[in-house]
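Below you'll find the structure, written out as structure tokens, and then a few comments.
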Number of protein chains: 2
Amino acid sequence: MLVSLDSVREQLENNGHRYTQTRGVVIDAIAASSHGFSADGVYTSLPTVGRATVYRTIKLLLQLGVLCKVALQNGSPRYSMAASGHHHHVICIRCGSISDFSQCNLDDLAPRLASALGREPVGHRLEVYTLCSECEGSPEVTLVRGGQQHA
Amino acid sequence: MLVSLDSVREQLENNGHRYTQTRGVVIDAIAASSHGFSADGVYTSLPTVGRATVYRTIKLLLQLGVLCKVALQNGSPRYSMAASGHHHHVICIRCGSISDFSQCNLDDLAPRLASALGREPVGHRLEVYTLCSECEGSPEVTLVRGGQQHA
DNA sequence: GGCGGTTTTGATACCAAGTATCACTTTAGG
DNA sequence: CCTAAAGTGATACTTGGTATCAAAACCGCC
Ligand SMILES: [Mn+2]
Ligand SMILES: [Mn+2]
Ligand SMILES: [Zn+2]
Ligand SMILES: [Zn+2]
């Protein structure tokens, strides 16, 4: 929803990949997913698409920068549509929903680290865990396989 | 090496766990490991100890705060002895060696995020990837299964 | 529309990093 | 030494993902 499907198509085609029927199905499912979906969730929601294809498509979209891969606090991987530019993620410890942020003073983190460490960072990962506003009041919901999201 | 084995024993016993023969063997292996070891590496280095026990022991040491678990850039998990206090990790993208840092301006990160997000962070993970000084010059070494370390 | 080369797909098998079970062994303590 | 509790390890299972490879889809060209 939050990303133009046509732009994903362009991303694919501009990089020598085809926008096939099957990829369209997967991408539609991803676009309809909540932030913080699992690969297995996409797979089980699409009985017509093979497991390998779902994982391959997600990997491709990661390479193209269309998706972000993040880790829940327990390490379990989740995906969400990539915001443009460098950013990080806030992840709900209960429902696994993901939101982006970039407004903090992390832009100067890299140079600070460079001087502190005497080496150039070539990348970093920052994930912040919190209880999202939807989850704050509801003590019932538990994070389940596939990533439980709010109704 | 960098941590007192006796203190690990105390940690265990103070928390109602036994310092068994087997745990001693695993902990010795871990203490002798370089920073950034893999569970499987410990397992295969100890033919007398069962796989489940290696993983269980590592899990226990994580719970006790004796070990840190970090992720390589590709997501593969590695472990290292925990420094005391809140800190983060610098990970070599080539050899997987891990060092700690805490001196950056990340202490004020949490409150900044709290106000930026309107929610309290309950935790965060920051991992910085770099090429360690040992790896900087050597174009040969490749990161292999189990975590290739410097000789 | 049909051809043919390239890409993609999906079933299957496999791998990596663990966890659940459960009978057996250790251990601490009396 | 006996016993109850804790720990161990073989085995099977799970989750997340990749390698293979024959079959299917795609694309440009005629
Ligand atoms: Mn993102
Ligand atoms: Mn550490
Ligand atoms: Zn939530
Ligand atoms: Zn290195």
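Just so we're on the same page: letters track the sequence lines, and every chain starts at 1.
Both B:Tyr19 and B:Ala39 sit near DNA chain C, but only B:Ala39 has its closest nucleotide nearer the 5' end.
The side chain of B:Gln21 contributes no N or O atom lying less than 4.0 Å from OP1 or OP2 of C:dT26. Within the structure, every side-chain polar atom (N or O) of A:Lys59 is placed at least 4.0 Å from both OP1 and OP2 of D:dG17. Contact between the side-chain N/O atoms of B:Tyr79 and the OP1/OP2 oxygens of C:dG18 is found at a separation under 4.0 Å. For the pair B:Thr20 and C:dT26, the criterion of a side-chain N or O lying under 4.0 Å from OP1 or OP2 is not met. Considering only side-chain N and O atoms, B:Lys69 lies under 4.0 angstrom from the phosphate OP1 or OP2 of C:dG18. For the OP1/OP2 pair of D:dT18 and a distance below 4.0 Å, the side-chain nitrogens and oxygens of A:Arg51 include no atom meeting the criterion. Distances shown here put every side-chain N or O of B:Arg56 at or beyond 4.0 Å from the OP1 or OP2 atom of C:dG18. Remark: B:Ser76 is in phosphate contact with C:dA17, judged by side-chain N or O atoms under 4.0 Å from OP1 or OP2.
Between the side chain of B:Arg18 and the base of C:dT27 there is at least one donor-acceptor pair of N/O atoms closer than 3.5 Å.
Per the geometry, CG belonging to B:Leu12 stands 9 Å off P belonging to D:dG7, to the nearest Å. Atom C1' of nucleotide C:dT8 and atom CG of A:Asn15 are separated by 17 Å, given to the nearest angstrom. At whole-Å resolution of the value, OH in A:Tyr55 and P in C:dA11 are 15 Å apart. Atoms CG (B:Leu60) and P (C:dG18) sit 15 Å apart, rounded to a whole Å. Following rounding to the nearest Å, A:His17 (NE2) and D:dA25 (C1') show an atom-to-atom distance of 17 Å. With rounding to whole Å, B:Phe37 atom CZ is found 14 Å from C:dA17 atom C1'. In this structure, B:Ile58 places its CD1 atom 8 Å from P of C:dG18, rounding to the nearest Å. In this structure, B:Arg78 atom CZ and C:dG18 atom C1' are separated by 14 Å, rounded to whole Å.
Residues B:Arg78 and B:Ile98 meet the side-chain proximity criterion, which asks for heavy atoms closer than 4.5 Å. Using a 4.5 Å heavy-atom threshold, the side chains of B:Ser38 and B:Pro77 count as separate.
Checked against a 6.0 Å centroid threshold, the rings of B:His124 and A:His88 do not count as neighbours.
In this model, a donor atom of one side chain and an acceptor atom of the other lie less than 3.5 Å apart for A:His89 and A:Asp100.
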Side-chain atoms of residues 50-58 of chain A: list all donor-acceptor pairs with protein atoms under 3.5 Å, sequence neighbours left out, distances to 0.1 Å.
unit_1	atom_1	unit_2	atom_2	d
A:Thr53	OG1	A:Arg56	NH2	3.2
A:Thr57	OG1	A:Thr53	O	2.7

Would you list the atom pairs, donor with acceptor, under 3.5 Å between side chains in residues 13-31 of chain A and any protein atom, with sequence neighbours excluded?
unit_1	atom_1	unit_2	atom_2	d
A:Glu13	OE2	A:Arg9	NE	3.2
A:Asn14	ND2	A:Glu10	O	3.3
A:His17	NE2	A:Asn15	O	3.4
A:Thr20	OG1	A:Arg23	N	3.1
A:Arg23	NH1	A:Arg18	O	2.8

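In this structure, the nucleotide among D:dG16, C:dA17, C:dG10 sitting nearest to the side chain of A:Thr22 is C:dG10. For A:Val49, the listed nucleotide lying nearest its side chain is C:dG10; candidates were C:dG10, C:dT8, D:dA10.
Note on B:Thr57: nothing from the nucleic acid sits closer than 4.0 angstrom, heavy atoms only. Contacts of B:Tyr43 with the nucleic acid, taken as non-hydrogen atoms under 4.0 Å apart, are absent. Heavy atoms of A:Thr53 sit under 4.0 angstrom from at least one base atom.
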